[in-house]
Amino acid sequence: MNEIREKEAIDAYLKLLQTKGASNELLHKRSLFLDQLAASLIGQAPDGETYRDVVEKVMASVPVDCWHDSLTTAREFYPFWVKDFKAIATININPGFEVKPIDWRPVQVTLKKLSESLETEKFEASENWPLKAYTQALRFEGAEQSLVDTRVKLAKILLIRLRTAPDKDSKSYRVAVDLTLPLFTINDSRRLFLVVVREFYHFWSGNPNAASMVLKEGSGNTLI
């Protein structure tokens, strides 16, 4: 088996993180996950679909608390593996590498408890606004009520997870999403949650074009 691609990609990725100020602890954690990921990538075709399939399989053995760090690593590592130097340069210019993760995690809870809490949960005005806008956008696109109810329920679960976040920003949102994903043990449910949170982000963040982002065929149903 030819392991040169994976080794070169890992070395280049970790070296870049180091130059950006990543701590030794972070580099060590990333390298451990990459060793696990690389073992499954060897001999695979270097394309996005293959990579996503491998990541999904590898994540099945990752502890719940490590999902955010591992998925972050997988997202950042991909252009190195496929040798997309233009993408690497673009990410490098922008704040695209997480070398100083936020020190926050949502409260540990089961999906069953989260779902049950929705029966009595009260949402603040700042939470209801994006929920209502999301609901209206789905209805405008002709979604059936059952679909609307399911997607809004998943968006509410994410909002509950975000309540203790120190800041309302994309980093907190991503952490909440990544650490809620493993609560869904059924793949189809997990993939639907991913679709919802990627749609809902535009409403939550106040994107004026958010309504145009809903019910796009095939969008957002993969881990990375």
Side-chain angles (χ1 to χ4, degrees), residues 48-49 51-53 55-56 59 64 67-68 70-72 74-76 78 87 91 94-96 98 102 104-106 109 111-112 114-119 121-165 167-224:
E49 184 176 354
Y51 189 77
R52 287 188 291 269
D53 288 344
V55 169
E56 188 170 49
M59 290 304 298
V64 173
W67 267 58
H68 175 63
S70 298
L71 286 174
T72 297
R75 293 183 193 106
E76 294 178 351
Y78 175 69
I91 299 172
N94 299 312
E98 188 178 292
I102 61 173
W104 170 77
R105 296 291 184 270
V109 67
L111 182 61
K112 183 175 184 293
L114 278 171
S115 298
E116 290 174 347
S117 71
L118 295 180
E119 298 295 328
E121 198 68 48
K122 302 297 182 183
F123 290 88
E124 301 291 334
S126 60
E127 297 170 320
N128 275 321
W129 184 88
L131 284 172
K132 289 179 179 178
Y134 184 39
T135 300
Q136 290 172 355
L138 289 170
R139 287 175 176 164
F140 182 80
E141 290 297 326
E144 295 182 0
Q145 190 59 45
S146 59
L147 184 150
V148 175
D149 291 343
T150 298
R151 295 201 177 202
V152 171
K153 176 182 177 180
L154 293 172
K156 286 181 176 179
I157 285 174
L158 181 62
L159 285 175
I160 293 173
R161 300 284 277 164
L162 280 163
R163 282 179 173 169
T164 60
D167 298 296
K168 182 180 177 179
D169 57 22
S170 59
K171 285 187 177 182
S172 295
Y173 195 88
R174 174 51 67 187
V175 171
V177 169
D178 287 350
L179 294 181
T180 303
L181 281 170
L183 302 183
F184 293 87
T185 56
I186 300 173
N187 280 342
D188 286 346
S189 297
R190 180 183 293 164
R191 288 165 182 164
L192 177 58
F193 177 68
L194 279 167
V195 171
V196 170
V197 298
R198 285 169 180 162
E199 289 180 346
F200 185 64
Y201 176 75
H202 300 288
F203 297 89
W204 181 79
S205 62
N207 182 348
N209 298 314
S212 66
M213 307 293 182
V214 302
L215 300 182
K216 300 303 179 185
E217 189 68 27
S219 64
N221 61 352
T222 53
L223 286 177
I224 59 170

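Note that the structure is a prediction, hence the values are computed from the model and not measured.
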Establish, from distance only, whether the side-chain atoms of S146 and D149 form a donor-acceptor pair under 3.5 Å.
no

Drop me the distance from [X]'s [atom1] to [Y]'s [atom2], to the nearest 0.5 angstrom.
| X | Y | atom1 | atom2 | result |
| --- | --- | --- | --- | --- |
| E76 | L71 | CD | CG | 11.0 Å |
| F193 | T180 | CZ | OG1 | 4.5 Å |
| L159 | N128 | CG | CG | 9.0 Å |
| T135 | F203 | OG1 | CZ | 9.0 Å |
| L138 | E141 | CG | CD | 8.5 Å |

Could you go through V109 and I160, starting from their C-alpha distance and side-chain angles, then the distance that decides it, and tell me whether this counts as side-chain contact (heavy atoms from CB on, under 4.5 Å)?
CA-CA 11 Å; V109 67; I160 293 173; over 6 Å; no

Backbone of [Y] reached by a side-chain donor or acceptor of [X] within 3.5 Å:
| X | Y | value |
| --- | --- | --- |
| Y78 | G48 | yes |
| S70 | W67 | no |
| W204 | P130 | no |
| R139 | V148 | no |
| K216 | E199 | no |

Would you say the side chain of [Y] lies within less than 4.5 Å of the side chain of [X], judging by non-hydrogen atoms?
| X | Y | value |
| --- | --- | --- |
| M59 | V55 | yes |
| V195 | L154 | no |
| R198 | V177 | no |
| D178 | R75 | yes |
| V197 | Y173 | yes |
| L131 | K156 | yes |
| H68 | I102 | no |
| V196 | K153 | no |

Stepwise, does the side-chain contact (heavy atoms from CB on, under 4.5 Å) test hold for W104 with D167?
CA-CA 10 Å; W104 170 77; D167 298 296; over 6 Å; no

Testing the basics here: between [X] and [Y], what is the closest heavy-atom pair and its distance to 0.1 Å?
| X | Y | result |
| --- | --- | --- |
| R161 | L114 | CD-CD1, 3.8 Å |
| S170 | Y201 | CB-OH, 3.4 Å |
| V175 | P106 | CG1-CD, 4.1 Å |

Which side-chain N or O atoms in residues 181-190 pair as donor and acceptor under 3.5 Å with protein atoms at least two apart or in another chain?
unit_1, atom_1, unit_2, atom_2, d
R190, NE, L181, O, 3.3
R190, NE, F184, O, 3.2
R190, NH2, F184, O, 2.8

Between [Y] and [X], is there a salt bridge with N-O shorter than 4.0 Å?
| X | Y | value |
| --- | --- | --- |
| R174 | E98 | no |
| E56 | R52 | no |
| E127 | R163 | yes |

Please check if atom CZ in F123 has more than 12 non-hydrogen atoms from other residues, nucleotides or ligands closer than 6.0 Å.
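Atom CZ in F123 is packed in, count exceeds 12.
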
Counting heavy atoms not belonging to E49, are there more than 12 under 6.0 Å from its CD?
no

